[in-house]
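Atoms within each ligand, like the ligands themselves, are counted from 1 in listed order. Residue numbers start at 1 and run along the sequence shown.
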Amino acid sequence: MDVLVVGSGGREHALCRAFRRSPKAGKLYCASGNAGIAQDAECVAIAPDDIKALADFAQSRNIGLTFIGGEVPLALGVGDEFAARGLNAIAPSRDASQLESSKSFAKDFMARHGVPTPRYVTAHSPDFAILELESGDFGDESAPVVVKADGLAAGKGVVVAKNRADAIAAISGMSELVGTAAAEKIVLEECLTGHEVSLLAFVDGENFALMPPVRDHKRIGDGDTGPNTGGMGTITDASLLNGDELTQITEAVIRPTLHGCIREGFRYRGVLFLGLMMTKDGPQLLEYNVRFGDPETQAILVRLEADLVDICGSMISGTLASSEIKWRPGSSACVVLAAEGYPGKVRTGDVIDGAQDMPTGVEVFHAGTALDPQHRFITNGGRVLGVTAAGDDLASTLDLVYSGVGRISWPGMQYRHDIGK
Ligand code: AMP
Ligand code: GLY
């Protein structure tokens, strides 16, 4: 069957490569893709938020399967649009997507269904959030507090403030940072300490299949310094969660979530992403995403040995329980190479050297690239490339990935040297 992937980053490039490995995938399209994706799929110029145009394209080309990469089309209801036209898509419905598109909806949902999550309060405007803090009901003056914009904010809507004064400053600046619509409501949350880990699952409405646990590195600088980014690198490794922890997360978080979705009238079908803090009192859920992460996908999919078309078929037909999904044992890592200035204003148009000459086993996923008139790859975004590999253990995997990174260069290229360390 012909397949359409929606999005234009490293996540979508990894999805395209995984579909390319399937003997069941016919022609592969990507809307709107990038210069690297164009080597694996036919790129079509449809914006990811134009959900009618996406469905028109899928319908007119008789696409058998569409995979939505990012959260924006999901929040706009692309899943409902495709379902209404009888088109197969991996795209949770608009109702289900509220688990990501509204932090206050997600927190209330967790509370209704007994999913462990940090204590919180929702304020119906930034001014009320400040009043809430000043009234002293939420934490004391010197305690850290987490400030979250309610709406989608491309990773910029969360500030971990070290005390009340900083929290108030974060609230005051939130509208400017993420836009007034996303910052209309503010969630204040207790600050937890522990180990952060993400766990993703394929979900068919009732059943789920876990992927390897994954860890992102959000700050721009080595040693977790500097501003937050969309993610500078990821690893998968068995040490991230042991068997007991996986059981705890399954019982305390995943099962109540899927039952909750059914009880509230929306079945969850698609990829479910849990952002977790492992505390001394067990797992606490910080966030849901209703999709694959970027750059989590790159590190996860290089370990997938099963056929992604088959997995999507099982999610759609509700038969995940009887399908076995094989993963390559061991570890994987993805190191993001970013342009000068990222995560602020970036410089683009620099010629990328060395990306086509990788050691055996290393894959380069393109996130922000274009071709210049001489057909050379140039930088065309903040996150530019994701150098990725799987291996038998984390140390050798990281050696392999960083040997690939060492061959690539352009003026101003930046990356973290401590992914997985
Ligand atoms: P979120 O988008 O809600 O996952 O938040 C983004 C990041 O902020 C997380 O990956 C954590 O590093 C941090 N964070 C969010 N909520 C909390 C919390 N309650 N306590 C400590 N850190 C948090
Ligand atoms: N890397 C985090 C995300 O995709 O939301």
(request) State, with a plain yes or no, whether a side-chain heavy atom of Arg416 is found less than 4.5 Å away from one of Val336. (result) no
(message) I'd like the name of whichever of Leu192, Val159, Val145, Val160 reaches closest to atom 20 (N) of ligand 1 through any heavy atom.
(response) Leu192
(request) Within a distance under 4.0 Å of any heavy atom of Asn289, pick out the atoms of ligand 2 and give their elements. (result) 5 (O)
(request) Write out the residue and atom name of the closest protein heavy atom to atom 9 (C) of ligand 1, then the distance separating them to 0.1 Å. (result) Glu196 OE1, 3.3 Å
(request) Below 4.0 angstrom from a heavy atom of Lys218, which ligand 1 atoms are there? Numbered from 1 as shown, please. (result) 10 (O)
(request) Please write down residue, atom name and distance for the protein heavy atom closest to atom 22 (N) of ligand 1. (result) Met277 CE, 3.9 Å
(request) Taking Thr236 for its side chain and Ser332 for its backbone only, find out whether a donor-acceptor pair lies under 3.5 Å. (result) yes
(request) Just need the protein heavy atom nearest to atom 23 (C) of ligand 1, so name the residue and atom and give the distance. (result) Leu286 CD1, 4.0 Å
(message) Taking a cutoff of less than 4.0 Å between a non-hydrogen atom of the residue and any ligand atom, is Lys218 in contact with ligand 2?
(response) yes
(message) Minimum heavy-atom separation for Pro411 and Asp350, please, with both atom names.
(response) O-OD2, 3.5 Å
(message) With heavy-atom distances below 4.0 Å as the criterion, list the atoms of ligand 1 near Pro118.
(response) 19 (N)
(message) Does this structure show an ion pair linking Glu134 with Arg164, if we count only N-O contacts that are shorter than 4.0 Å?
(response) no
(message) With heavy-atom distances below 4.5 Å as the criterion, would you say the side chains of Ile325 and Leu304 are in contact?
(response) yes
(request) Check whether any heavy atom of Gln284 sits under 4.0 Å from an atom of ligand 1. (result) no
(message) Whether Arg269 engages the ring of Phe202 as a cation-pi pair (distance to the six-membered ring centre under 6.0 angstrom, angle to the ring normal within 45°) should be assessed.
(response) no
(request) Please find out if less than 6.0 Å separates the ring center of Phe57 from that of Tyr29. (result) yes
(message) Side chains of His366 and Asn34 only: does a donor on one sit below 3.5 Å from an acceptor on the other?
(response) no
(message) Tell me the protein heavy atom at minimum distance from atom 5 (O) of ligand 2, and give that distance in Å.
(response) Arg291 NH2, 2.9 Å
(request) Taking the side chain as every heavy atom from C-beta outward, state whether Trp410 and Phe377 have any pair of such atoms under 4.5 Å apart. (result) no
(request) May I ask you to list the atoms of ligand 2 that are less than 4.0 angstrom from any heavy atom of Gly293? (result) 4 (O)
(request) Find out whether the Lys NZ or Arg CZ of Lys185 is both under 6.0 angstrom from the six-membered ring centre of Tyr120 and within 45° of the ring's axis. (result) no
(message) For atom 15 (C) of ligand 1, what's the nearest protein heavy-atom neighbour? Residue, atom name and distance, please.
(response) Lys148 NZ, 3.5 Å
(message) Can you report which non-hydrogen protein atom sits closest to atom 8 (O) of ligand 1, along with the distance?
(response) Val158 CG1, 3.4 Å
(message) Any atom of ligand 2 sitting under 4.0 Å from a heavy atom of Gly231?
(response) no
(message) Only heavy atoms of Glu189, strictly under 4.0 Å: list the atoms of ligand 1 that pass.
(response) 16 (N), 17 (C), 18 (C), 19 (N)
(request) Look only at interatomic distance and state if Asp216 has a nitrogen or oxygen under 3.5 Å from any nitrogen or oxygen of ligand 2. (result) yes
